[in-house]
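Each remark here refers to the structure printed beneath this line.
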Amino acid sequence: MRRSGLYALALSMLFASGAPAGCSGGVVGGKCRGGFDVCDGQCVSTLDDARNCGSCGHVCGGGTECVQGVCGGTDASSSGGASASEGGASGSSNTGAAGAVEHPDASRDGGSRDASLEGGSSGGTAGSSSTDAGHGGSTPDAGTGGTTSNGGTTSNGGTTIGSAGTGGTGGTGGTGGTTIDAGTGGTTIDAGTGGTTIDSGPDVACIPPFNTSANCGACGVPCPADAPLCSLGNDGYFCTPLCQSPLIACGTQCVNLDTDENNCGGCRHGCASGICQGGTCVGATAGHEIIFCMDYRTTAIAGTSPGQLLENAVFLAGAGNVRILGYSEYTPAPVIATVNASLTNASKDRGRAYTLTTAATSLDVANDLSVTKFDVLLVYDQPNAPAGRLAMTGASIADAIDSFVRAGGSVVVLAGNTGRGEMDDFIQSAGLLDVTGQTAVTGDSIYDRSPADAISVKVLTPFRAPSVSCTFATTVSPDGTTVFVVTDTAASSGMLGAPVVVHRVIGP
């Protein structure tokens, strides 16, 4: 009975001291046992007591539970909720700092002071899209470092909206924010370790019409070294060489290796004679230009004056077999046939052979005319040429003709005045003779006025002008290099008259 009385007395003294009857399980030898703390004279568990969550007097509001000493547990919202026991959560787009924001020691306005209790404090979350991030709330568990969120969200153009949160003591750096690349000219700010970078796309300089050597025809398509120019074609822009065929680049110039005396056959290979033909330097010999105001649409018979004139002109070349390049782009087929028949008659009379190669276009003439390939350029009458075309054609082959003649070649032009009557334009623009017009003399008597000239050999005078014949209107007068072989005026008149056939000797 006495022992029971003493035990009852001890219990009454303990209750009198303020210890609650409901917490008697936490009392060991008159103190709270391990895992319990004394809060206002009561033994409580700060790990799960919503009125003393994490520390005495820390009340979880709104009916929030206390889990592991944190209001709401590790899944608390970052927009005002408590931080997890292992550290602060990552940032969100909501305003306000993360962490245990209800703790009296936690910084609510992005200040520099961290709350702490019994060890390391947790890291704060990243700043929101509108305010600076606050520092993290406190965590009672010092065993594991808090998680630090590094870096806020960066807007387009490199402007920072939110400042980065500061990690708690002992905490581990968290996932970075998101970085958006503004493109060329923008400033990219790293969101921190682990942050995600979003590229805004291609360089802002790579925009249509894609007409630069770096972006030719499409973005990211550079021109190669052998075609460095970006040129416009029918299907858009494309890479092209510096020089178009048959020209090639020698240094900073576009040259034709077949005719350029300074780059003959290769860049910087000059010709001592100043003449390059077919990519080979040739000797300096005189050439010939024989211009007829006759189209030879009537076949010339060997031995007649018209036949002899053509024979002398074509076979003036000293080679056994005369190589002829015939240009007949706008010549009627019947005229081509009669001219070729006249050539055959002349070759038989002379006892000489010839080969005839056709140049279908003026470009063929420009590309192929060379003394290494041909002895004579024969230009047929071109009555079917479109208006204005012959002037352009003559200009396009003027350089080739000049180079050919100065290398010793012969040019024979048959120019009637029918059709559009623009053969005078061709002769003028090709640099053969200064001609301003043509006048018909078909059926009239014409005269050999230079019997000593090579073109006049065996030519009878006077003779009747064949169809079609004419005279040239020219400002040129005969001199040591230019001879009026046949004119419309007899020598007995004391006047030279207008030329029908002109022979020019061209020195190298």
Side-chain angles (χ1 to χ4, degrees), residues 289-315 322 324-350 354 356-362 365 376-387 389-390 393-394 410-427 430 432-433 435 437-448 455 459-473 485-488 498-503:
E289 296 172 352
I290 305 98
I291 304 105
F292 288 79
C293 209
M294 301 177 180
D295 65 6
Y296 282 83
R297 66 176 54 209
T298 301
T299 302
I301 305 301
T304 63
S305 292
Q308 195 64 49
L309 287 167
L310 183 62
E311 179 181 326
N312 293 341
V314 172
F315 292 97
V322 178
I324 303 173
L325 178 64
Y327 173 54
S328 56
E329 185 171 5
Y330 303 109
T331 306
V335 176
I336 295 175
T338 58
V339 170
N340 292 350
S342 298
L343 291 175
T344 299
N345 291 338
S347 68
K348 291 178 180 178
D349 185 61
R350 186 62 62 98
Y354 74 93
L356 178 62
T357 302
T358 300
T361 67
S362 58
V365 175
V376 178
L377 170 64
L378 175 62
V379 179
Y380 296 76
D381 186 29
Q382 314 272 325
N384 293 344
R389 180 64 56 82
L390 291 181
T393 298
S410 295
V411 176
V412 177
V413 179
L414 309 180
N417 65 333
T418 58
R420 295 192 181 277
E422 294 183 354
M423 282 300 292
D424 56 334
D425 293 335
F426 173 87
I427 295 168
L432 295 167
L433 184 68
V435 178
Q438 295 170 270
T439 301
V441 293
T442 299
D444 295 347
S445 294
I446 52 179
Y447 304 87
D448 178 4
I455 305 302
V459 174
L460 302 176
T461 188
F463 64 95
R464 190 172 300 281
S467 178
V468 168
S469 296
C470 52
T471 59
F472 292 118
V485 177
V486 177
T487 73
D488 63 348
V500 178
V501 179
V502 178
H503 178 202

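Reckoned from all heavy atoms, side chains included, excluding hydrogens, waters and symmetry mates. The first residue of the sequence shown is numbered 1, and numbering continues consecutively from there.
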Are the side chain of S342 and the backbone of A300 linked by a donor-acceptor contact shorter than 3.5 Å?
-> yes
Any side-chain donor-acceptor pair under 3.5 Å between T393 and Y330?
-> no
Could you give the distance from CZ (R389) to OG (S362), rounded to the nearest 0.5 Å?
-> 8.5 Å
Keeping to residues at least two apart or across chains, list the salt bridge (Lys or Arg N to Asp or Glu O under 4.0 Å) pairs with something in residues 291-310.
-> D295-R297
So CG of D424 and CG of L390: to nearest 0.5 Å the spacing works out to 9.0 Å
Step by step, work out the side-chain contact (heavy atoms from CB on, under 4.5 Å) result for D488 and D444.
-> CA-CA 8 Å; D488 63 348; D444 295 347; over 6 Å; no
List the steps and the verdict of side-chain contact (heavy atoms from CB on, under 4.5 Å) for L309 and F292.
-> CA-CA 9 Å; L309 287 167; F292 288 79; 3.8 Å; yes
Cut-off 3.5 Å, side chains only: do Y296 and N340 have a donor facing an acceptor?
-> no
Pair Y380-V413, side-chain contact (heavy atoms from CB on, under 4.5 Å): steps then yes or no | CA-CA 6 Å; Y380 296 76; V413 179; over 6 Å; no
Work out which heavy atom in V365 is nearest to a heavy atom in A359; give both atom names and the distance.
-> CG2-CB, 3.7 Å
If we only count heavy atoms from C-beta on, is the L325 to L378 side-chain gap below 4.5 Å?
-> no
State which residue, out of T418, I427, N417, fulfils the side chain to side chain contact (heavy atoms under 4.5 Å, CB included) condition with Q438.
-> N417
Least distance between heavy atoms, A415 atom then M423 atom = CB-CB, 3.7 Å
Any side-chain heavy-atom pair from T331 and N384 closer than 4.5 angstrom?
-> no
Can you find a pair of side-chain heavy atoms, one from I290 and one from V501, that are under 4.5 Å apart?
-> yes
If you take all heavy atoms of V435 and F472, which pair is closest and at what distance?
-> CG1-CD2, 3.8 Å
May I have the step-by-step check of side-chain contact (heavy atoms from CB on, under 4.5 Å) for I324 and V314, ending in yes or no?
-> CA-CA 8 Å; I324 303 173; V314 172; 3.7 Å; yes
Going by atom types only, do N312 and R350 share a side-chain donor-acceptor pair under 3.5 Å?
-> yes
Enumerate donor-acceptor pairs with a distance under 3.5 Å from any side-chain N or O in residues 462-471 to protein atoms, sequence neighbours excluded.
{"unit_1": "R464", "atom_1": "NH1", "unit_2": "G443", "atom_2": "O", "d": "2.6"}
{"unit_1": "S469", "atom_1": "OG", "unit_2": "P466", "atom_2": "O", "d": "2.5"}

Is the closest side-chain heavy-atom distance between Q308 and D349 below 4.5 Å?
-> yes
Expected output: side-chain D448 to main-chain L460 donor-acceptor under 3.5 Å = no
Taking side chain as C-beta onward, heavy atoms only, is V411 less than 4.5 Å from V376?
-> no
Shortest non-hydrogen contact from G326 toward L356 | N-CD1, 4.0 Å
Taken to the nearest 0.5 Å, the spacing of T299 OG1 from L310 CG works out to 11.0 Å
Do T461 and S305 have side chains that get closer than 4.5 Å, going by heavy atoms?
-> no
Sub-3.5 Å donor-acceptor pair from the side chain of T304 to the main-chain atoms of G307, do we have one?
-> yes
Heavy-atom pair with the smallest gap, counting every atom of S328 and Q382 | CA-NE2, 3.6 Å
Flag the pair I291 / E289 as yes when at least one side-chain heavy-atom distance between them is below 4.5 Å, and no otherwise.
-> yes
Summary of salt bridge (Lys or Arg N to Asp or Glu O under 4.0 Å) pairs that have at least one residue in residues 325-341, sequence neighbours excluded | none
